[in-house]
Amino acid sequence: MDDQSLVQEARRGSDRAFAVLVRAHERALYCTAYSILGSSWDASDAVQGAFLEAYARLDTLRDAARFRPWLLRILVNTCYEALGKRRRLVPVGEAPEREGAALGEAHTFIGTETQLDLFRALRTLDEEQRTVLALRYFADLRVDDIAAALDVAPGTVKSRINRALARLATSLDRSTPLEVQE
Amino acid sequence: MSCHEVLDALESYIAGDLDDREASRVAGHLATCPACGVAYEETRLLVSELKDLRNALQPTRVFGEVPQMSTSVKQRERGPRRRSWGRAWTVAAAALVLALAGAVALITVPSLARTVPLPVGARLDDLQRENQAVQAQNQALQERVTKLEARVESLTGDEVTVVPTSEEDLPDEVTMAVQQVVIEFIKAQYAGDVRRLKSLSSPALQARIDEHPDEYLRDDAGAVSFAQITDVGVSEGLYVTFVRLSDTKVFSDSQYQEDFSVKRAGDRYLVETMEMDA
């Protein structure tokens with residue numbers, strides 16, 4: 001069943017339909033939140049919070065077919081709130097978590113060595129760049145939807161994506177022909 | 001089209017976001033410019049690696065409990081709650097044991113949050129604070145729980161792992177009777193047998209089944225398979241037990257949970273409420 005029908009069923013009160021939506025999107029949301037927040041437990045909380053809010057506000061979603069961009073927009077806000085809170089609480093910046101260590105993490109890394117390298121490289125990007133890449137490739141959003149979620153112009157999203165890809169290639173020691181001159 | 005413009009548009013080109021005219025201009029340039037051709041291949045590779053990376057992270061927390069969590073919000077909005085868990089402890093313990101025993105990572109917070117009365121439109125911060133408090137309680141509980149062991153029993157012909165939840169002892173025959181009615185109820189759900197379902201239900205639940213049969217029938221879900229059932233607890237005069245199960249169609253690669261409260265009516269036990277946990 002597609003998102004649209006599931007949203008409609010969930011609106012009619014089917015918790016089961018909403019559970020299916022959660023299942024379908026939890027991984028994309030988690031990976032996105034983790035990319036933004038850099039902490040697996042914060043990411044977990046953010047995803048939980050975003051689903052809860054989406055559930056409570058399901059009636060305010062105008063176009064049921066646009067559930068995912070809408071959900072991601074909620075998630076981004078939830079993540080930003082968490083970042084704001086963290087900055088108020090911990091003035092020392094982000095303490096990186098070690099990836100791959102299954103114990104004490106809210107996820108397990110089940111990828112290859114190459115993927116682990118990419119994963120590490122991704123974490124060296126700044127928050128803005130990590131966020132656009134996550135929304136683009138983990139959440140599969142269109143540039144327009146990313147722009148709406150981040151409240152910036154589509155052109156800004158495009159150039160952020162380009163710069164982030166170039167940075168990523170550099171830190172992977174690959175050639176960076178994509179680098180766009182400023 | 002200049003190299004600069006092409007490089008600028010590569011990502012959109014790979015994503016298929018360009019219109020036909022732009023796309024063919026980029027393609028034309030790539031065919032004649034080896035440097036941009038290399039850039040194209042490398043970007044395409046990087047993008048596809050990034051997309052795959054999503055599958056390399058396996059979240060260990062289960063978010064599917066969310067809807068159940070907010071059910072209490074919804075019920076409040078609809079009117080008086082059908083029941084309130086007075087002795088949250090028993091229920092919390094049962095939920096915790098299931099979460100621990102069911103190879104599902106720590107997701108006890110949402111299950112527990114159901115026992116916290118949620119104000120309508122509660123702000124998420126408040127909720128998170130409550131959750132933190134509950135989390136602390138969980139840890140204490142967890143220690144107790146690890147001391148308890150599961151056992152396997154045969155209920156109405158089905159092998160089910162029974163998870164003990166508390167040290168209080170109900171008579172064995174009560175526990176067995178409650179668990180049996182619950183197992184029979186689930187079987188009737190999967191058989192799509194409304195009459196049988198209602199014969200196992202209290203009048204209140206019978207009315208609810210008539211009203212929303214689709215919430216109770218699972219005949220589109222294939223064959224049921226029982227994973228675990230908790231020991232029976234008591235909450236406000238009702239017997240409480242949780243069952244974890246899966247089936248061959250809808251929940252074929254994951255389990256879900258049904259939370260039951262059962263009422264004694266003379267010499268019979270009848271299901272008073274059944275709520276689904278994802």
Side-chain angles (χ1 to χ4, degrees), chain A residues 10 13-16 18-20 22-23 26-31 34 40 43-45 47-49 51-53 55-56 78 81 85 102 105-112 114-116 118-119 122 133 136-138 140 142-143 158-159 161-162 165 168-169 172 174-181, chain B residues 3-4 7-12 15 17 35-36 38-40 42-43 45-71 73-74 78 105-107 109-110 120-122 124-125 127-128 131 212 214-215 250 254 256 275-278:
Chain A
S14 164
D15 283 350
R16 235 176 148 203
F18 195 81
V20 176
V22 170
R23 284 268 177 280
E26 64 187 358
R27 191 188 284 248
L29 255 68
Y30 177 80
C31 292
Y34 183 60
S40 67
S44 229
D45 287 346
V47 174
Q48 183 91 33
F51 277 130
L52 179 65
E53 192 169 340
Y55 183 84
T78 312
E81 268 175 39
K85 238 178 245 169
E105 288 270 27
H107 62 240
T108 322
F109 191 89
I110 50 170
T112 61
T114 319
Q115 285 181 315
L116 192 57
L118 180 59
F119 190 57
L122 194 60
L133 290 190
R136 182 69 157 159
Y137 302 122
F138 296 161
D140 278 326
R142 297 195 327 231
V143 168
K158 279 188 203 167
S159 61
I161 291 174
N162 279 342
L165 288 175
L168 209 50
L172 286 168
R174 298 184 189 175
S175 55
T176 59
L178 185 75
E179 194 137 38
V180 182
Q181 264 91 58
Chain B
C3 289
H4 182 87
L7 294 179
D8 223 3
L10 266 190
E11 202 273 343
S12 310
D17 286 351
C36 286
V38 171
Y40 164 71
E42 298 211 338
T43 309
L45 177 69
L46 189 54
V47 164
S48 86
E49 285 176 335
L50 278 169
K51 285 189 169 177
D52 285 346
L53 198 56
R54 183 172 56 185
N55 300 319
L57 276 197
Q58 178 80 58
T60 45
R61 186 161 160 191
V62 176
F63 304 106
E65 314 282 314
V66 172
Q68 188 58 47
M69 177 174 183
S70 13
T71 303
V73 177
K74 215 168 60 184
R78 279 179 187 156
L106 268 174
I107 39 97
V109 178
V120 178
L124 284 174
D125 316 10
L127 208 59
Q128 268 158 5
N131 275 353
H212 302 282
D214 52 317
E215 278 182 29
V250 177
S254 61
Y256 71 103
E275 291 193 357
M276 188 172 159
D277 250 309

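Order of the sequence lines sets the chain letters (A, B, ...), proteins ahead of strands, with each chain counted from 1.
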Minimal non-hydrogen separation, B:T43 against A:L165, with atom names
CG2-CD1, 4.1 Å
Check for a donor-acceptor pair, side chain of A:R16 on one end and backbone N or O of B:E215 on the other, with a separation under 3.5 Å.
no
Gap between atom CD1 of A:I110 and atom CD of B:Q58 - 0.5 Å precision:
4.5 Å
Quick one: do A:L168 and B:L50 satisfy side-chain contact (heavy atoms from CB on, under 4.5 Å)? Show the steps, please.
CA-CA 10 Å; A:L168 209 50; B:L50 278 169; 3.9 Å; yes
Turns out that what part of A:S159 lies under 4.5 Å from chain B's heavy atoms comes down to neither
Report the C-alpha distance between A:V20 and B:V250 in whole Å, list the side-chain angles of each, state the deciding distance to 0.1 Å, and finish with yes or no for side-chain contact (heavy atoms from CB on, under 4.5 Å).
CA-CA 9 Å; A:V20 176; B:V250 177; 5.6 Å; no
Go through the steps for A:F119 and B:L57 under the test side-chain contact (heavy atoms from CB on, under 4.5 Å), then give the verdict.
CA-CA 10 Å; A:F119 190 57; B:L57 276 197; 3.9 Å; yes
Heavy-atom proximity to chain B below 4.5 Å, by part of A:R136:
side chain
For the pair A:R27 and B:N55, evaluate side-chain contact (heavy atoms from CB on, under 4.5 Å) and give the outcome as yes or no after the intermediate values.
CA-CA 8 Å; A:R27 191 188 284 248; B:N55 300 319; 4.3 Å; yes
Closest heavy-atom contact between A:Q115 and B:D52?
NE2-O, 3.6 Å
Does the B:R54 side chain pair with the main chain of A:A28, one donor and one acceptor, at a distance under 3.5 Å?
no
From the list A:D140, A:T112, A:L172, A:L29, the residue making the most non-hydrogen contacts under 4.5 Å with chain B is A:D140
Any side-chain heavy-atom pair of B:L10 and A:N162 under 4.5 Å:
no
